[in-house]
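Worksheet for the structure shown next.
Only heavy atoms go into these numbers, but all of them, side chains included; no hydrogens, no water, no symmetry mates. Each chain gets a letter, A, B and so on, in the order its sequence line appears, and its residues count up from 1.
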Amino acid sequence: DGGITQSPKYLFRKEGQNVTLSCEQNLNHDAMYWYRQDPGQGLRLIYYSQIVNDFQKGDIAEGYSVSREKKESFPLTVTSAQKNPTAFYLCASSFSNPTGELFFGEGSRLTVL
Amino acid sequence: AQKITQTQPGMFVQEKEAVTLDCTYDTSDQSYGLFWYKQPSSGEMIFLIYQGSYDEQNATEGRYSLNFQKARKSANLVISASQLGDSAMYFCAMRSPFDSWGKLQFGAGTQVVVTP
């Protein structure tokens, strides 16, 4: 079945550690996105990528990094520079049509201890 | 800059009744897409319905319909015959080709609780 797979679903990290969240899609989508959601709030864009080897900062990119070496994969690294990393992270993808639907993964919940 | 406003933080609705979730948006673009997503407590984002800015008819998808009033920049979601499984957070969102190449801009969401 086609879809977006995020892993891990739950992740605990100590302060000062980097952590990488995985996002893989088999929908043949060109564009991929990372969003952050805090409790009771909407989603905010961290990074997005339209094509392989290219990506752009979203609204809250500080303390995060990404790579897009393959069309199917868009991993997000939460670095120690991110001051408040505890949140729910959602990966999404879409076709090139910039007014079309985004498909989302099931999310990764990161807790910093 | 675009902005999505959902003024209802939470709503209670009785089973089998209809409920309207408000959404207004602000954009200077002529071409854009409007979306509604449902987020149950498990966290995944479920796409419900889409309305293109040039679509003349209101979108419908099963029990979901979108009341699109372009001049008022309003895109309200109507859920008919509510079911207990409709209890979730609902987000209105918009994409435009001219804002960061179509990033999805979300409202703050409306929490819906369906009661028996």
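Linking ILVMFWY residues whenever their side-chain heavy atoms come closer than 4.5 Å, directly or via other members, places B:V114 and B:M11 in the same cluster. One hydrophobic cluster, built from ILVMFWY side chains closer than 4.5 Å, holds both B:L48 and B:L21. A:L21 and A:Y48 are assigned to two separate hydrophobic clusters, defined by single-linkage of ILVMFWY side chains at heavy-atom distances under 4.5 Å. A:Y33 and A:F103 are not part of a single hydrophobic cluster, where members link through side-chain heavy atoms under 4.5 Å apart. A continuous path of Ile, Leu, Val, Met, Phe, Trp and Tyr side chains, each step under 4.5 Å between heavy atoms, connects B:L84 with B:V19, placing both in one hydrophobic cluster.
Note that CD1 of A:I4 is 12.0 Å distant from CE of B:M45, once rounded to the nearest 0.5 Å. One distance of note links CZ of A:F104 with CD of B:Q39; it measures 9.0 Å at 0.5 Å rounding. Atoms CD and OH, from A:E101 and B:Y50 in turn, are 10.5 Å apart once rounded to the nearest 0.5 Å.
Note on B:A108, B:P9, B:A93: by heavy-atom pairs under 4.5 Å with chain A, the leading option is B:A108. Comparing B:S53, B:G109, B:G43, B:S42 by heavy-atom pairs within less than 4.5 Å of chain A, the highest count is held by B:G43.
Contacts between A:Q6 and chain B at a heavy-atom distance below 4.5 Å are absent for every atom of the residue. Neither the backbone nor the side chain of B:Q111 comes within contact range of chain A; no heavy atoms are under 4.5 Å apart. At a 4.5 Å heavy-atom cutoff, A:Q56 makes no contact with chain B through either its backbone or its side chain.
Among all heavy-atom pairs drawn from B:F106 and A:L43, the shortest one is CD1-CB, 3.6 Å.
The main-chain N or O of B:L104 is found under 3.5 Å from a side-chain atom of A:Y35 such that the two form a donor-acceptor pair.
Contact annotation for residues 63-79 of chain B against chain A (heavy-atom separation below 4.5 Å): no residues qualify.
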